[in-house]
Amino acid sequence: MGVGTWLLLLVTHPNEFRTLVQFWLHHESKRDITDESEHATSGWDRESMRKCWGFLDATSRSFSAVIKELDGDLARAIALFYLVLRGLDTIEDDMTIPNDKKQKLLRSFHELTLTEGWTFTENGPNEKDRQLLVEYDCVVTELNLLDPGYKKVIIDICHKMENGMADFAHKAAVSKGPVYVETAEEYDLYCHYVAGLVGEGLSGIFSASGKEAPWLASQLELSNSMGLLLQKTNIIRDFREDTDDSRFFWPREIWGAFGFNDMAEMRLGPGIDVKEGVKERALWVQSAMILDAMRHLVDALDYLRVLKNQTVFNFCAIPATMAIATLELCFMNPAMFERNIKIRKAEAADLIMKSTNPREVAYILRDFCRKIHARSSPKDPSFMALSLTCGQIEQWCEHQYPSFIQLNASQSGHASTSMNPADQRSQIVLADTEKEKAYKRETRYRQLGLNPNAPGPAAENAGLPWEMFLMIGAMIGAVALISVGVIFAVLWWFPEGQ
Amino acid sequence: MAPESYLVVGGSGFLGRHIVKQLLARGDNVSVFDIVQRYHDTPFYSGDISEKDQVLSVLKRCGTTCIIHTASPQHGLKDPSLYFKINVDGTKSVIAAAQEAGVRKLIYTSSAGAVFAGTDIVDADERVPYPEKPFDAYNESKANGEAAVLAANRQGGLLTVALRPAGIYGPGDRQMMQGMYDVFRKGQTHFQIGDNNNLFDITYVENVAYAHLLAADKLDTPPPSKPLSQWPDKDEYSLENLPPLTQEERNILGPALPHIALTTKPRRIPTSAARPLGPCLNVTPELEKIEQRFRDPNSVEKDRPTVRTRFDQMSEYTVARAKIFNPEATPLSVDGQAFFISNGEPIYFWDLARVIWRHLDGIFPGQRKERSPFVMPKSVGMLVAGLLETIGWVTGKEATLTKFRVTFTCVNRWHNIEKARRVLGYEPPVSAQDGIKRMVEWFAEEVVAGNVSEKAGH
């Protein structure tokens, strides 16, 4: 942003200005991969890897910053994983490559990507990442240097994804007219290929690094849910851009149910002859699509909850909070059908700074769900399902991080907890504390050889005085012992007559 | 084993009738005990449950082995003494008669209100104690009745269990629908008190009935562990050295349960191990297996992690501690326990009403003018209610908005049903949404048939 933009922001949105300044001040990159001490894991000392890092910056600047902050060699493994998928994507996307050639290339990509010296120069001039494939040999070299555990995961996922992409590319190539995703199931499958598999791969890499539990790699549903949440969010937000380019990812099963014959009929805005009722129906479709994406939120929270490594957590949590913020921005927002909309920079910065632990992230999700819910209309056919889905997030938050226990950070930096007496769960804790006290008292009695129930009719009241008597007795005893000790010591060190 | 002989006490009532129907549907031997007879498909015995001898003679005549006790006066009576007569004295006489007749099982319909004190109930589980100051006479009498039932467990050969449904609704329920319909006809549906972020549990009546059948079937399941007091090495365990759980107990706490989302109709998440084939070109036997796995409803992904806090009732830590505190207890048994029952899909308070009104719009179109919601913060609502109550007190007319109702609409009231899911195996069969649809459709028929009072019309 230029100086002018900053000044304008200061005047129009002072809070956002403050957030961005704080972000710039406090959220500097935690890791410098070019530093000599990092070379062992970042590979910066090799020219091929330096090139790979360069390509990562070129393909996605925001994403590359998050990747570089990952611990140890995770950053390098995931950077290479990302570049392999980018390469695959660049072939799939390119409409200038004839289908039979594309099919062969895609379906053998898991081998090509390990063939030393392999490059690809036949991409159309408009492919933005074509240079990556022109110099792809550096990726191959680095992949072959990678720890075998990581390499296995990357190649396995590449193999699965290339076949899925080839299947869908073939379908598009042989059909005439616009290609729609027909059913919601097919929509899920498409998202599985392009994003769910990325989730599976990331979990595999996390496990292989030893920084996360070994069983994370086999949590396929949770991993896919993470991927599907993010992919579906993008597909929803990019409605206008995609339909303008004749890419139709929304399933016909959802928009067809609202009387549309073509996805492009939902476009709004200047230059478009919008017929009566189209806007409202388009919003119901949008709501159904957002609800469909929100179904994955609970799984996403389950996934985030089991992560142990802080850098891995940030890496996964930031996209999830961005996704819910984006869904909230789109919800009941006709502007989404007119143009590309994006969450504001300051909001993104704020979310990045806050997405540091699962409790915070869960409550961020909940708050966005509440905002969505507040805008939901009873006339919307998805109204009740949406309400109950928000309720699910509320349930998740309250079960994993009960709100009746309040964390209070005091000025002196000490954290203390207190309970909200208006919440009946506090009664459980109070009762438990009582039971623990009673149990300890009884145990103490038994150790002293006393029968806790014996002292006769006064037993119930006797508990407290007895305890006090014992305490006082013990204290008097301790004071007496110390006094004797001191006297003895004095007499010892200063014998009479010195 | 000889087949069970059921006696449904209160079998002519709203919930009781659904239980009778489900028992009949599976071919069981059922009799009904109630004040009035409304149906004629089972042997019927008329009587007063607070008269032990009347109950006893019916039990003997029927050869009852299992009592399902659902009888309770409707909520909202002017005279609270009737609650105590039926819910406490009546229940005690049922218990005494059951013990005398040698009945083996008693299932009691309690209420989630047994723990309601007018304050927030959030993710509350069965450890929440009865409130020191009960909310009202109804809830107090339900809590007392339940306490008597649970105390009678394993006394005189009787096994007991209590179910606590939260907000029962469905076809046949006039309480909830009448109120909603009145507001709908008066055109007052645009008022909202509070921020509508408070969740509320509701339970479709057939789900509640189903839970009763489950509880009846599982009531004589042996507890998953012996009480700690009977362990030979019991003295080795303490709060510092908690007793280990048995394998049976671990199985109950076992793998993660799916999140309940009946209304959203979740589709299965495709994975590389189980997915549809889509536009696949060359199908191999390997790929066919992957698709089969995806289509097979029984092939679920195993070993989803269950992460629990120490506070969680179902954590090993909490279960083991409960044994130390009470060496006679078997925390994961069916008998002697209370269980919250709900749809597992709590809903924001005002949304429930809005969904019902929206259905009514479809049936009675044009009755209600479209108005944007009028939102009143809770504090303002309390103030207005106080004012109206004062005016009402002066004029002698009942206030339309009371502080009681404001509190009721702004409070959280939802429960954790994981214990019922894990111990009883309860999974709600009907979604919240389908249940509401069935209820509104039934009510609309009643309106058309002229069975609904329309006192509030313009």
Among B:D125, B:V128, B:V115, the residue with the most heavy-atom pairs under 4.5 Å to chain A is B:V128

Using side-chain contact (heavy atoms from CB on, under 4.5 Å) as the criterion, list what pairs up with B:V283, not counting sequence neighbours.
B:L277, B:C280, B:E288

Would the distance check show the side chain of A:Q392 and the main-chain N or O of B:I260 forming a donor-acceptor pair, the cut-off being under 3.5 Å?
yes

Should the pair A:D156-A:K152 be classified as a salt bridge under the 4.0 Å nitrogen-to-oxygen rule?
no

Pairs of heavy atoms under 4.5 Å with chain A: top-ranked of B:R354, B:H259, B:Q313:
B:H259

Per the ring pair (Phe, Tyr, Trp, His ring centres under 6.0 Å) rule, which among B:W414, B:F116, B:Y348, B:F349 passes with B:F200?
B:F349

Let me know if A:N163 has heavy atoms under 4.5 Å from chain B in its side chain, its backbone, both or neither.
neither

Test of understanding: with side chain to side chain donor-acceptor pair (under 3.5 Å), list the residues that count as partners of B:S272, not counting sequence neighbours.
A:E200

With chain A, which of B:I436, B:I121, B:I324, B:N326 has the greatest number of heavy-atom pairs at distances under 4.5 Å?
B:I324

B:R304 and A:E221 ion-paired at < 4.0 Å:
yes

Toward chain A, the part of B:A256 with a non-hydrogen atom under 4.5 Å:
neither

Segment of A:A184 engaging chain B (4.5 angstrom heavy-atom cut-off)
both

Suppose a student defines contact as a heavy atom less than 4.5 Å from any heavy atom of chain B. Which residues in residues 397-406 of chain A would they list?
A:E398, A:H399, A:Q400, A:P402, A:F404

Between B:D361, B:T119, B:N197, B:V411, who has the most heavy-atom pairs with chain A when the cutoff is under 4.5 Å?
B:N197

Which of B:A261, B:A124, B:P346 touches chain A most, by non-hydrogen pairs under 4.5 Å:
B:P346

The criterion is salt bridge (Lys or Arg N to Asp or Glu O under 4.0 Å); which residues satisfy it with B:R310, sequence neighbours excluded?
none

For chain A, which of B:E418, B:R275, B:R268 has the most heavy-atom pairs under 4.5 Å?
B:R275

